[in-house]
Structure formats: C-alpha cells, structure tokens
Participant: 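What follows is a single structure, and I will ask about it in a moment.
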Amino acid sequence: MSYRITYAPPADDVLAKMPDAEAFREAMARSIGLDPYGHGSTAVRGERDRREATVLGAIVLYYVSGSVLTVTVVRLIPSL
C-alpha cells in the first residue's frame with residue numbers, strides 16, 4: 001500500500017528551489033510513501049501521526065492521514 005505525498009505551500013516552495021527536486025520526490029515515494037511510520041522517522045511531541053525524517057539529507061516534517069492514505073509535508077529543510 002502506498003501513500004499519496006502532498007506538499008503544503010511552504011514545503012512546496014522549498015522543493016521548487018532544490019536542485020535535486022525530482023530525485024527527492026522519488027526518494028520520498030520509495031521511503032515515506034511506502035511506510036510513513038518507518039524509514040527512521042520519529043514521532044514529534046508524542047503525536048504518532050506527526051513525524052520527522054531525513055530523506056536525501058533533507059529534514060522533512062510531515063503529517064500522516066491513514067484514513068485517506070496521504071502524507072502531507074509541512075516543512076522541508078534541505079541539506080546545505
């Protein structure tokens with residue numbers, strides 16, 4: 001089962017400026033998109049569906065909505 005990945009406007013703006021945006025999207029689909037609770041992610045502030053993970057060196061803060069199989073990236077901090 002795979003999750004649809006969406007990007008909130010602030011994260012989408014950062015993604016648009018990343019030189020490796022397509023590779024990042026593919027890595028997200030292969031990792032977080034297949035298992036949003038795995039791949040080294042951790043719960044933020046004790047909330048199971050609020051997660052943080054590192055993908056291709058970028059820190060990703062996202063919410064998981066299991067009822068509609070969607071991951072929403074709300075913050076993206078690219079590697080330098």
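Small disclaimer: the values here were computed from a predicted structure and weren't measured.
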Participant: Heavy-atom distance under 4.5 Å between the side chains of Y63 and V74, does that happen here?
Facilitator: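 Yes; the side chains approach each other to less than 4.5 Å.
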Participant: Give the minimum heavy-atom separation between V64 and P36, together with the two atoms involved.
Facilitator: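 For V64 and P36, the tightest heavy-atom pair comes out as CG2-CB, 3.6 Å.
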Participant: Counting only N and O atoms by type, is there a donor-acceptor contact under 3.5 Å from the side chain of H39 to the main-chain atoms of I32?
Facilitator: no
Participant: With rounding to the nearest 0.5 angstrom, report the CG to OG distance, D35 to S41.
Facilitator: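 That separation rounds to 7.5 Å.
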Participant: Does any non-hydrogen side-chain atom of E52 lie less than 4.5 Å from one of V60?
Facilitator: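 They are not in contact (no side-chain heavy atoms under 4.5 Å apart), so the answer is no.
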Participant: Between M18 and L76, is any pair of side-chain heavy atoms under 4.5 Å apart?
Facilitator: yes
Participant: Could you give the distance from OG1 (T42) to CZ (R50), rounded to the nearest 0.5 Å?
Facilitator: 11.0 Å
Participant: Closest approach of S2 and L34, non-hydrogen atoms and distance?
Facilitator: CB-CD2, 3.9 Å
Participant: Do you know which two heavy atoms are closest between Y62 and A53, and how far apart they sit?
Facilitator: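 Reported closest heavy-atom pair: CE2-CB, 4.1 Å.
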Participant: May I ask you to check if R48 and Y37 form a cation-pi contact, with NZ or CZ under 6.0 angstrom from the six-membered ring centre and within 45° of the axis?
Facilitator: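 The answer is yes, since R48 meets both limits relative to Y37.
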Participant: Please list all pairs passing the salt bridge (Lys or Arg N to Asp or Glu O under 4.0 Å) test where one or both residues lie in residues 17-33, with sequence neighbours left out.
Facilitator: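 The answer is D12-R25.
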Participant: Quick check for you: to the nearest 0.5 Å, what is the distance between L56 atom CG and S79 atom OG?
Facilitator: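 Result: 8.0 Å between the selected atoms.
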Participant: Taking only residues two or more places apart in sequence, or in another chain, which ones meet T6 in a side chain to side chain donor-acceptor pair (under 3.5 Å)?
Facilitator: T72
Participant: Which pair of non-hydrogen atoms, one from V71 and one from Y3, has the smallest distance, and what is that distance?
Facilitator: CG2-CB, 3.9 Å
Participant: Nearest 0.5 Å, what's the CG-CZ distance between L69 and R4?
Facilitator: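 One finds 10.0 Å between CG of L69 and CZ of R4.
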Participant: Scan residues 60-69 for pairs that pass salt bridge (Lys or Arg N to Asp or Glu O under 4.0 Å), counting only residues two or more places apart or in two chains.
Facilitator: none
Participant: Quick check: do L61 and V73 have side-chain heavy atoms less than 4.5 Å from each other?
Facilitator: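 Side chain of L61 against side chain of V73, heavy atoms only: no contact under 4.5 Å found.
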